[in-house]
Amino acid sequence: MTDIELVKNIKTDVEVEESISGLLELHEKLINKISYKYVAPLHNSGSSIEEIDKEKQYIIYKAALSFNESKRTKFSSYLGSFVRWYCLN
C-alpha cells in the first residue's frame with residue numbers, strides 16, 4: 001500500500017494498527033535519522049531519545065491525522081517536519 005492509502009485508512013479508522021505498522025516500516029529510518037539529530041534539545045527539555053523510540057507509533061498516528069494531501073506534499077516530507085517539531089516541543 002502507498003503512504004496515502006495508509007494515511008486514509010488511519011483517518012477513516014480502518015485497519016489503523018496495520019496502517020500505522022506499515023507506515024512505521026516504511027519510515028522508521030527517517031524518524032530515527034531526524035530524532036537523533038535532536039538529542040541535545042531533547043535532553044535539555046527533560047526528554048530522551050528512548051522516549052521518542054517508544055512513541056514512534058504515536059508520532060506516526062498524529063502525523064497521519066494532521067496530514068493534508070491537498071497541499072501536494074509527500075507524507076515522508078510532512079512526517080520529517082512533524083518529527084522535528086515533536087522533538088523541539
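The shown structure was predicted, so the numbers you read here are calculated from the model rather than taken from an experiment.
- Taking the side chain as every heavy atom from C-beta outward, I4 and F67 approach each other to under 4.5 Å.
- Proximity of Y86 to Y58: side-chain heavy atoms (C-beta onward) are separated by under 4.5 Å at one or more points.
- Within 6.0 Å of CD in E18 there are more than 12 heavy atoms belonging to other residues, nucleotides or ligands.
- When the shell of 6.0 Å around CG of N68 is examined, it contains more than 12 heavy atoms from other residues, nucleotides or ligands.
- Using modelled atom types, no side-chain atom of K74 and backbone atom of L79 make a donor-acceptor pair closer than 3.5 Å.
- With contacts defined as side-chain heavy-atom distances shorter than 4.5 Å, the pair S81/Y78 does not qualify.
- Side-chain contact check for I34 versus C87: every heavy-atom pair is 4.5 Å or farther apart.
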Name the atoms and distances for all side-chain donor-acceptor pairs under 3.5 Å in residues 24-31, with sequence neighbours left out.
from: H27; atom 1: NE2; to: D3; atom 2: OD1; distance (Å): 3.2
from: H27; atom 1: NE2; to: D3; atom 2: OD2; distance (Å): 3.0
from: E28; atom 1: OE2; to: K56; atom 2: NZ; distance (Å): 3.1

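- In this structure the side chain of F82 never reaches within 4.5 angstrom of the side chain of I60, judged on heavy atoms.
- A 4.5 Å side-chain heavy-atom check between N9 and M1 finds at least one atom pair inside the cut-off.
- Rounding to the nearest 0.5 Å places CD of E17 at 11.0 Å from CD of E15.
- Between Y36 and I52 the shortest side-chain heavy-atom distance does not fall below 4.5 Å.
- Here the closest heavy-atom approach between residue V7 and residue A64 is recorded as CG1-O, 3.5 Å.
- Linking ILVMFWY side-chain heavy atoms closer than 4.5 Å, directly or via other members, places V14 and V16 in two distinct hydrophobic clusters.
- Distance check, rounded to the nearest 0.5 Å: CD of E5 to CG of L23 gives 11.0 Å.
- The closest side-chain heavy-atom distance from E69 to K8 is below 4.5 Å.
- One N or O on the side chain of S66 and one on the backbone of K62 form a donor-acceptor pair closer than 3.5 Å.
- Taking each heavy atom of S19 and L6 in turn, the nearest pair found is CB-O, 3.6 Å.
- Around the CD atom of E51, the shell of radius 6.0 Å holds more than 12 heavy atoms that belong to other residues, nucleotides or ligands.
- In this structure, CD1 in I59 is found 9.0 Å from CG in D53, a value given to the nearest 0.5 Å.
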